[in-house]
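Here is how names work: the chains are called A, B, and so on, in the same order as the sequence lines, proteins then strands, and each is numbered from 1. None of the values given here were measured: they were computed from a predicted structure.
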Amino acid sequence: MTFTLATWNINSVRLREALVCRLLQEEAPDVLCLQEIKTPVEKFPLEQFHALGYRHMVARGQKGYNGVAILSKLPITDVGGRDFATLGHARHVAGQLENGVTIHNFYVPAGGDIPDREQNVKFGQKLDFLTEMRDWAHAEKPQKAILVGDLNIAPREDDVWNHKSLLKIVSHTPIEVEHLAQTQDAGAWVDVTRQDIPEGRLYSWWSYRAADWDAADKGRRLDHVWATPDISGAAHGSRILRPVRGWEQPSDHVPVFASFDL
DNA sequence: ATGGTTGATCCTCAA
């Protein structure tokens with residue numbers, strides 16, 4: 001059986017309910033992982049997604065900020081959501097499909113503007129969150145697992161529009177890239193997007209602040225799909241849906257897709 | 001070096 005999964009930072013699911021419906025209708029992923037739903041779970045707009053065949057969901061929400069959800073056509077069991085770095089934020093939820101695959105959906109803290117934990121508490125919290133993800137992966141020894149989400153780090157030189165000019169910009173600093181690499185190594189996670197598309201620039205986010213995001217094209221690859229080695233060979237068909245950034249009243253992130261033959 | 005935009009909620013903070 002082949003299933004297709006997508007991850008998308010939606011930046012308010014209540015405001016962009018229609019955009020989610022459009023993606024579900026046009027692309028029909030079996031599973032859609034959302035970040036920054038910005039709502040408590042009880043106010044999540046389920047009805048239209050249900051009507052489109054997405055009858056299953058696991059989620060962690062909070063009022064106004066953060067929040068993660070996994071919408072699925074396939075039955076999915078809630079297997080927990082952890083409060084990494086003890087921030088009291090809804091930034092992780094995990095679900096298990098009937099084929100035994102576990103999906104972890106993450107929204108890693110953005111980290112503020114100054115890349116120094118002495119001057120900026122949020123940067124320290126971001127690094128601590130990644131360190132706890134590393135320790136968790138080391139202890140968990142994940143198998144048949146997929147980890148997706150807005151990890152808020154663009155690790156490679158070709159994951160950003162200009163490597164040199166972003167070295168001191170939060171999301172591409174060497175210390176963040178090192179923390180992300182340690183998290184990835186601890187779970188033996190394979191970067192599925194780069195397994196499928198090893199060469200060339202890839203972006204999944206473009207700032208709202210650019211006058212013309214498309215022409216300027218100052219993007220970063222902040223959104224990731226990882227898999228454990230026992231199923232990474234089954235992955236194929238990765239895509240980043242750049243045109244979604246041009247939809248009406250868009251999120252600043254676009255969906256990242258991957259398929260698995262399992 | 002600076003300012004640029006968006007969303008939710010409260011009149012500012014986070015991204």
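Nucleotides B:dG7 and B:dC11 have their C1' atoms positioned 15 Å apart, rounded to a whole Å. Taking the C1' atoms as reference points, B:dA15 lies 14 Å from B:dG4, given to the whole Å. Between B:dT9 and B:dA14, the distance separating the two C1' atoms is 11 Å to the nearest Å.
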Could you run down nucleotides 4-15 of chain B 5' to 3' and tag each one B, S or - for protein heavy-atom contact under 4.0 Å?
-> BBSSSS----SB
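Every ring-ring contact (aromatic ring centres under 6.0 Å, His included) that A:His104 has, sequence neighbours left out, goes to A:His92, A:Trp136. Residues satisfying the ring-ring contact (aromatic ring centres under 6.0 Å, His included) test with A:His236, not counting sequence neighbours, are none.
Side-chain N/O atoms of A:Ser251 and A:Asn11 include no donor and acceptor closer than 3.5 Å. A:Asn9 and A:Glu36 form a side-chain donor-acceptor contact under 3.5 Å, judged by distance and modelled atom types alone.
The shortest distance between side-chain heavy atoms of A:Val254 and A:Trp206 falls below 4.5 Å.
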